[in-house]
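Quick notes on the structure that follows.
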Amino acid sequence: MTGATGRVGGAVVAQLHAAGVPVRALVRGEADFPEGVQAVRGDLGDPASLDTALEGVDSVFLVWPFLGAEGAPDVIDAIGRHVRRVVYLSSAGVGSGEKPGEAITMFHTELERLIEASGLEWTALRPTGFASNTLGWAEEIRTTGVVRAPLARLARPLIHEADLAAVAVQALTTDVLLGVRPLITGRELITQERQVALIGEAVGRPVRFEEIALEEAVEQMKAAGYPAELVEAVLPAQAELLDNPEPVNDAVERITGTPARSFREWAVDHAADFR
């Protein structure tokens, strides 16, 4: 398991462990996992550190933590020396006809290509937006009760990390998703303004969305330390979704047998993060 301390990776670890599947988590430092989950040191930025961690491993859940594909060929080679299957956490933007040059789409496209050419069994999960990304509003909600952000009307089918993890578990432990690139979406389109209101309901106090200009948001993100290439990829792509929203499908239910959770459910599950 890579990305094991993140929201999605952590949920995959928890679900595999609950199902009795032996799990080994790749970490760069100290991390707490349920008893029985093995933590091993390694770094995707240092492919030479991966061989020991990969010994005896059958499948890898791969979360790529960088904004480019540099070093990815060596990582895929290291995985291929030990493992038969890779489940890659990709993006819905891959293959969707988005403009070339967008940083996120480019590295996901290249990782998919490398994995498919490796000779490994593979699955490329292509999720839409993560509900957990709204945790970026948590400090504002806790301190002011107001979220200042662009694109109030932007509606996306945000995914509960537990649903995405359930799909990943199927890909890791069964053959139902071998060699496919499923688009994974949340249950319904929810605007950012409505997301904020639902978080307010979950925490038990009103929370308001205050729309700001896209240009202001760009400067705020850069000032906060986000890489310019990320800001310049994400915000314009989100603006385009106003008129061309992402599709909504039932892939979570078809693959796992359980309908996708709503954003309201996600907000209730994470209310403590916003209090």
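Numbering of residues begins at 1 and proceeds along the displayed sequence.
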**OP:** Please answer: with hydrophobic residues joined when any side-chain heavy atoms are less than 4.5 Å apart, are Val196 and Leu235 in the same cluster?
**Re:** no
**OP:** Starting from the C-alpha separation in whole Å, work towards a yes-or-no answer on salt bridge (charged side-chain N to carboxylate O under 4.0 Å, His left out) for Arg142 and Glu139.
**Re:** CA-CA 5 Å; Arg142 285 193 298 264; Glu139 184 176 357; 5.5 Å; no
Original post:
Below 4.0 angstrom, N of the basic side chain to O of the carboxylate: do Glu211 and Arg148 qualify?
Top reply: no
**OP:** Could you tell me which non-hydrogen atom of Ile79 sits nearest to which non-hydrogen atom of Val86, and how far apart they are?
**Re:** CG2-CG2, 3.6 Å
Original post:
Can the ring centres of Phe263 and His160 be said to be less than 6.0 Å apart?
Top reply: no
Original post:
Can you tell me how far CG of Leu125 sits from CD of Gln170, rounded to the nearest 0.5 angstrom?
Top reply: 11.5 Å
Original post:
What is the distance from atom CG of Leu120 to atom CD1 of Ile115, rounded to the nearest 0.5 Å?
Top reply: 8.0 Å
Subject >> Sole residue of Arg261, Arg187, Arg7 in salt bridge (Lys or Arg N to Asp or Glu O under 4.0 Å) with Asp163 >> reply: Arg261
**OP:** Would you mind checking if Asp58 and Arg85 are paired as a salt bridge, meaning a charged N to carboxylate O distance below 4.0 Å?
**Re:** no
**OP:** Please name the pair of heavy atoms, one in Arg41 and one in Gly29, separated by the smallest distance, quoted to 0.1 Å.
**Re:** NE-O, 3.7 Å
**OP:** State plainly whether one hydrophobic cluster holds both Phe130 and Leu62, where clusters connect Ile, Leu, Val, Met, Phe, Trp and Tyr through side-chain heavy atoms under 4.5 angstrom apart.
**Re:** no
**OP:** Before accepting this row, confirm whether a basic side-chain N of the pair Glu55/Arg24 lies closer than 4.0 Å to the acidic partner's carboxylate O.
**Re:** no
**OP:** Kindly work out whether a path of hydrophobic side-chain contacts (I/L/V/M/F/W/Y, heavy atoms less than 4.5 Å apart) joins Leu89 to Val167.
**Re:** yes
**OP:** Might you point out which heavy atoms bring Gly42 and Leu26 nearest each other, and give the distance in Å?
**Re:** CA-CD1, 3.4 Å
Subject >> Side-chain H-bond candidate by donor/acceptor type, Glu265 with His270, under 3.5 Å >> reply: no
Subject >> Distance in Å, Leu111 CG paired with Tyr88 OH, rounded so as to fall on 0.5 Å steps >> reply: 3.5 Å
Original post:
Given the rule that I, L, V, M, F, W and Y join up when any side-chain heavy atoms are under 4.5 Å apart, are Val248 and Leu164 in one cluster?
Top reply: no
Subject >> Side-chain donor/acceptor of Thr123 to backbone N/O of Val87, under 3.5 Å >> reply: no
Subject >> Derivation of the side-chain contact (heavy atoms from CB on, under 4.5 Å) call for Asp51 and Arg81 >> reply: CA-CA 8 Å; Asp51 282 308; Arg81 288 195 293 272; 3.1 Å; yes
Original post:
Which value, rounded to the nearest 0.5 Å, describes the distance between Glu216 atom CD and Met221 atom CE?
Top reply: 13.0 Å
Original post:
Between Gln15 (side chain) and Ala162 (backbone), is there a donor-acceptor pair under 3.5 Å?
Top reply: yes
Original post:
In the single-linkage hydrophobic clustering (I, L, V, M, F, W, Y; side-chain heavy atoms under 4.5 Å), do Leu50 and Leu114 co-cluster?
Top reply: yes
Original post:
Pick one: which of Glu112, Arg181, Arg126 meets side-chain hydrogen bond (donor to acceptor under 3.5 Å, both in side chains) with Ser90?
Top reply: Glu112
**OP:** Using the side-chain contact (heavy atoms from CB on, under 4.5 Å) rule, pick out the option among Trp137, Trp266, Phe209 that qualifies with Gln195.
**Re:** Trp137
